[in-house]
Every structure is written in C-alpha cells, then in structure tokens.
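Because the structure is predicted, anything quoted here is derived from the model rather than measured. Just so you know, ligand 1 is whichever comes first in the structure, and atom 1 is the first atom listed for that ligand.
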Amino acid sequence: MKAHIVGGGFGGLAAAAYLILNAGLSGQDIAIYEAGERLGGAFSLAGSAAAGYILPTGSVFDAEFRCTFNLLATIPSTGDPAISVKDEFFAFNARDPFRDRVHILDRNGNVVHSPHFGLSVRDRLDLVRLALTPEAMLDRRRIEECFQPDFFTTEFWLLWTTIMGPLPQSSAMEMRRYMNRFLPLLPDLSTMSHVLRTPLDQYQALIVPLAAWLRPRGVTFLTGAFVRDIGFTATPGRITVDRLDYEHRGETTSLTVAPEDIVLVTLGSQAAGLSVGSMTEAPAPRQGGQDWTLWRRLAQGRSDFGNPGVFFGVVHLPNTQWVTFTVTTTGSEFFDRMTALTGSAPGSGGLVTLKDSSWLLTVTIFHQPEVAGQPPGTRLWWGFLLYPGRTGDFIRKSGNACTGAEILEEVLRHLRFDQQLDAIMASSICIPCNLPYVNSVWMPRTRADRPRPVPAGATNLGLLGQFAELPREVAFTIEYSARTAWEAIHRLLKRGPAPPPVYQGQYDPSALLAALKTLV
Ligand SMILES: Cc1cc2nc3c(=O)[nH]c(=O)nc-3n(C[C@H](O)[C@H](O)[C@H](O)COP(=O)(O)OP(=O)(O)OC[C@H]3O[C@@H](n4cnc5c(N)ncnc54)[C@H](O)[C@@H]3O)c2cc1C
C-alpha cells in the first residue's frame with residue numbers, strides 16, 4: 001500500500017507522521033508532493049540577518065491543540081534531541097510566558113483597558129446568545145449581524161480581532177466556534193497569559209524537526225511538484241482514486257493509484273498568493289490560484305467536495321487580505337522605547353495594537369533570538385495590518401501598496417517615536433509580506449461549503465487542512481490541519497486510535513465559571 005500526500009505544509013507532514021505512527025505504514029511507502037520549492041507551506045522562513053528576515057505568520061497556540069501535541073510528543077526537538085518538540089514548547093512557555101501589560105493603545109498613547117473589556121450588558125448577552133445558537137442557524141451569517149455596532153469598538157473586540165483574526169463581516173459560525181474553543185482564554189485575554197507560542201519561528205520550531213523525523217524513515221519529499229489532477233474510477237455511490245498527475249521540472253507524470261493506496265490532498269492555503277516586498281518596494285500583488293486549482297477541479301460537478309469560490313477569488317480580497325511585516329534591526333532604540341512604553345521585556349509583551357490606526361496595526365516583540373543562527377546584536381520584531389486596503393494615517397497610501405520603509409514609518413509615527421525615527425529607520429530592515437487569502441478561513445460559509453475529510457463514497461481519498469470540514473474545531477490553526485489528517489487516515493484505514501475530541505470550553509465547568517465571572 002502506498003500513500004500519496006498533496007501539500008508539504010504542516011498538515012501534509014503531520015499526515016505522513018500519523019500514517020507511520022497510527023497506521024503502521026513504512027515511510028518508504030509515503031510520498032509528499034509539494035508545489036513550492038520548500039516544505040512548510042504557510043510556515044516559512046526566508047531572508048537573512050543582512051537582507052532582513054521574512055516570517056509571514058504569527059504564533060498563537062493554546063494547550064488544547066490535542067492532535068498537534070500528541071504528534072509533537074514523538075518528534076525530537078532539533079535544538080535538543082533528548083526532548084520532544086512538545087516538551088520544548090511547554091518548557092519555553094512556562095519559562096517565558098506572555099504577560100501583556102499594554103495590549104491596546106489609543107492615539108494619545110493611553111492604554112485601553114476597562115472592566116468587562118468595555119462590553120455593555122447587551123454585548124455580553126449577544127455573546128452568550130451567539131455561543132448558544134446552533135450552527136444550523138448560522139449558515140452564511142456574518143458576525144456583524146449578531147451584534148450592535150458599538151460592540152466592534154470595544155476592547156473585547158479589539159483583543160479578539162487581533163488575536164484570532166475575524167472582521168465584523170466574517171463568519172458568525174466560525175466566531176461561535178472560537179468562543180467555545182477558546183473560552184479559557186477569555187478572562188486573561190488582555191494579558192494573553194494562556195496564549196502559547198513557539199520557542200523559535202514556526203518553520204524552525206515545527207517544520208524542520210518534523211521533516212527531520214520523516215526523512216530517515218524513508219518518506220519521499222518531491223518539492224517543486226504540482227499535482228494538477230486526480231482521476232477516479234466511477235462506480236455508483238463510490239469514488240476511488242486511480243490516477244494522480246503531477247508536473248515536476250517541466251515534465252508531467254501520470255501515476256497509477258491502486259484501490260488499496262491512499263491519496264491525501266491539502267485543499268487551498270491561507271498563504272495562497274503570498275508575495276514579498278522590500279524596504280523600497282511594495283509586495284507585487286499575486287493571485288495564487290494554484291493553491292486551490294486542484295480543489296476547484298475536484299469540486300466541479302460534485303456536490304460533496306464543497307465550494308472553493310466561497311473562500312478564494314479576487315472579489316473576496318477586502319475580507320481576506322492581510323499584510324504582515326518582519327523587522328530586522330541592529331539598533332537598540334526600538335526595543336528600548338517599546339520596553340519603556342509597555343513595561344514588558346522583549347518576548348513577554350504579547351501583542352500591542354494601535355487602535356486608532358486605520359490599518360489596525362498590531363506589533364509584537366519576539367523573545368530573542370527568534371531564528372536559530374540570528375547573529376548577536378540583531379533583533380527581530382513583527383506586525384500585521386488587519387485592514388491593508390485602507391489609506392494610512394501618516395503615509396497616505398493603502399497598506400498593501402506600501403514599501404517596508406513606509407509601513408515602518410507609519411508604525412513609528414503612531415507610536416510617537418518621532419525623535420528616534422531616523423535612528424530606527426537607519427538600523428532596521430522592514431520586509432512586508434502580502435497575504436491575500438489569510439482570512440479566507442473566516443469567510444461566511446454554509447455547513448456544506450467545506451467537504452468532509454473523507455467525502456461521501458470516497459474509498460481512498462482524504463482531504464486535509466483549513467478547507468475540509470470538521471465539527472467544532474477552529475480553522476486558523478495548525479491543530480485544524482493536524483486533526484483533518486488524523487481524522488482522514490483513521491476513517492480511511494480504520495487503524496490506530498480515533499482523534500481526541502475537540503476541547504469545548506462550554507462543557508468545562510472551570511472555564512465556563514471563569515468566563516462568566518469576567519462577563520458578569
Ligand atoms: C499570517 C498567518 C498567521 C498564522 N498564525 C497562526 C497561529 O498563530 N497559530 C496557528 O496555529 N496557525 C496559524 N496560522 C495557520 C497555519 O499557518 C496553518 O494552519 C498551517 O500552516 C496549515 O498547514 P497546511 O499544511 O494545512 O496548509 P499550508 O501550510 O497552507 O500548506 C499547503 C501546501 O500545499 C501545497 N499545495 C497546494 N496545492 C497543491 C498541489 N495541487 N500540488 C502540490 N502542492 C500543493 C502548497 O504549496 C502549500 O505548501 C497562520 C497562518 C498565516 C498565513
């Protein structure tokens with residue numbers, strides 16, 4: 001039996017590991033086809049200290065990433081192979097927890113923090129009502145349909161939108177899932193004390209050790225290999241993959257897939273269409289259609305394969321696009337000023353959101369070093385624009401058309417670091433990264449818009465990642481990708497344990513009580 005995995009992101013790598021660990025496959029019978037030149041998918045690391053690092057993604061995890069940590073308990077850490085990636089992760093977070101003292105700043109530099117996170121009684125009732133509304137009643141509904149307009153100006157919303165990513169026009173169904181799944185975070189949302197992060201950037205902390213564990217087990221990694229199509233044997237009521245066509249270095253190969261083989265396909269990517277700019281250039285817009293081409297083909301004329309058009313397409317850009325930026329600096333001015341402003345040492349402060357910036361700028365100062373091999377004296381920080389289509393307040397351009405220097409200047413002027421501006425600009429390289437479809441996971445959807453990890457009638461096809469439908473789980477997480485992989489393999493091969501249940505705060509008395517105390 002052979003396993004073919006389409007997509008070499010965290011989900012594809014996790015699938016290969018579960019096939020070995022849970023289903024007893026030999027690594028030599030597993031091949032991963034990755035369209036990009038490197039493994040990692042959305043979790044990438046590029047650049048250098050001299051040219052400026054590029055880290056497209058953020059790092060927000062919690063202790064209930066059950067499938068992920070189950071897997072990472074087996075994978076040795078790259079830094080210290082005597083311990084697992086999971087143990088390294090929890091040891092780091094116990095040693096250096098977030099203790100965010102200044103999460104929301106207004107235009108006058110005042111910290112915004114109030115009882116009940118500024119929620120009115122009506123807002124709190126609306127939150128409870130949404131959490132109790134069955135998903136069946138939330139098809140296509142938007143968050144803004146469930147709350148009063150003032151809700152979106154509260155501290156609660158600013159914390160939620162910047163930690164989790166939703167916009168007012170995002171899916172109410174997904175918001176409901178987030179409230180139940182992340183209920184334990186609620187009382188300490190502003191300090192982020194239960195939010196966890198990787199000890200290094202996500203590529204080095206997660207992708208490198210996973211690939212290093214799979215490689216000696218004989219797993220084939222075919223990078224630069226784009227899977228164009230999958231063929232099926234049509235039998236009434238059943239679909240069985242019998243062919244996989246991929247392009248590699250200009251050649252097309254058509255593989256025969258036996259009925260006992262399995263094919264696991266990553267549908268789409270939050271990093272689709274990613275493009276990178278520089279200090280002097282804005283990222284060039286890209287469409288990134290390749291990441292969902294295969295899904296579109298699979299969904300054509302089949303009702304059980306979801307609806308990729310709900311999540312991907314230029315028409316959605318105002319709702320799905322983010323710009324993130326990574327700043328590499330050799331000066332100390334920015335870090336000194338931020339430590340003085342926030343009272344937090346680098347790495348402990350969590351997110352700082354500049355609430356009156358039209359781009360809704362949020363920055364975070366990493367624990368140093370963020371990248372293994374980062375030279376002494378070089379420091380990294382990161383940020384994102386939740387509304388990159390809007391015009392800046394100091395730089396009168398839309399955020400997605402700005403160079404790294406322009407984004408950095410906008411941040412510094414909002415922070416009122418005008419006196420240090422020249423010194424910081426001179427010692428910093430800011431690299432912007434345009435991510436047109438990050439928030440595709442938050443698009444309003446119906447329950448049928450994402451296919452199940454094993455579509456009805458499929459005998460040897462599983463679907464992975466953010467765009468397969470799992471009950472209860474929240475999509476903007478690696479846990480979602482890991483869980484779809486585990487679920488698909490378990491359903492198709494009926495080997496090994498079933499995935500653990502998704503954590504649900506509404507059934508956890510201590511989480512529920514703490515949340516109610518905060519709200520009431
Ligand atoms: C800005 C940002 C911030 C994030 N922050 C967090 C966070 O804080 N916490 C968290 O848990 N998660 C976060 N995520 C989400 C996390 O990155 C994803 O959950 C995870 O990387 C998804 O893994 P995946 O393998 O399912 O998909 P991806 O990582 O998207 O990988 C899919 C891969 O499939 C490949 N592919 C697609 N189609 C084909 C084809 N036809 N042939 C061959 N290859 C193909 C693509 O090239 C891609 O490499 C963030 C994502 C982004 C973009």
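- Residue Trp322 has no nitrogen or oxygen atom sitting less than 3.5 Å from a nitrogen or oxygen atom of ligand 1, judged on distance alone.
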Test salt bridge (charged side-chain N to carboxylate O under 4.0 Å, His left out) on Glu479 and Arg483 and set out the steps.
CA-CA 6 Å; Glu479 173 67 0; Arg483 187 174 284 281; 3.5 Å; yes
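- Inclusion of Phe43 in the set of residues having an N or O under 3.5 Å from an N or O of ligand 1 is not warranted.
- A cation-pi geometry, defined here as NZ or CZ lying under 6.0 Å from the six-membered ring centre and within 45° of its normal, does not hold between Arg379 and Trp381.
- For the pair Thr162 (side chain) and Leu158 (backbone), a donor-acceptor distance under 3.5 Å is present.
- Contact between Phe65 and ligand 1 is present, with at least one heavy atom of the residue lying under 4.0 Å from the ligand.
- A salt bridge links Glu37 with Arg249: at least one charged nitrogen is closer than 4.0 Å to a carboxylate oxygen.
- Close N/O approach between Trp382 and ligand 1 is not found [any backbone or side-chain N/O within under 3.5 Å].
- Thr324 contributes a side-chain N or O that, together with a main-chain N or O of Pro56, makes up a donor-acceptor pair within less than 3.5 Å.
- Residue contacts with ligand 1 include Phe476, since one of its heavy atoms falls under 4.0 Å from the ligand.
- Within the 4.5 Å cutoff, no side-chain heavy atoms of Val6 are placed close to those of Leu264.
- For the pair Arg181 and Tyr178, the cation-pi criterion (under 6.0 Å, within 45° of the ring axis) is not fulfilled.
- For a threshold of 3.5 Å applied to N or O pairs, the pair formed by Gly465 and ligand 1 contains no separation below that value.
- Residue contacts with ligand 1: Val60 is placed with a nitrogen or oxygen under 3.5 Å of a nitrogen or oxygen of the ligand (distance criterion only).
- Remark: ligand 1 and Gln290 share no N or O pair separated by less than 3.5 Å (distance only, no angle test).
- Within the 4.0 Å heavy-atom shell around ligand 1 one does not find Leu464.
- Not a single heavy atom of Ala14 lies less than 4.0 angstrom from ligand 1.
- Residue contact check: Pro56 has heavy atoms under 4.0 Å from atoms 1 (C) of ligand 1.
- Figure legend: cation-pi geometry between Arg197 and Phe98, with NZ or CZ positioned under 6.0 Å from the six-membered ring centre and within 45° of its axis.
- Residue Leu294 has no N or O atom closer than 3.5 Å to an N or O atom of ligand 1.
- Close contacts between ligand 1 and Val6 involve ligand atoms 39 (C), 40 (C), 41 (N), 42 (N), 43 (C) [criterion: under 4.0 Å to a heavy atom].
- Residues that satisfy the side-chain hydrogen bond (donor to acceptor under 3.5 Å, both in side chains) test with Ser193, not counting sequence neighbours, are Thr191.
- Taking a cut-off of under 4.0 Å to the non-hydrogen atoms of Tyr33, the atoms of ligand 1 that pass are 43 (C), 44 (N).
- Looking at ligand 1, you won't find any N or O of Phe61 less than 3.5 Å from one of its N or O atoms.
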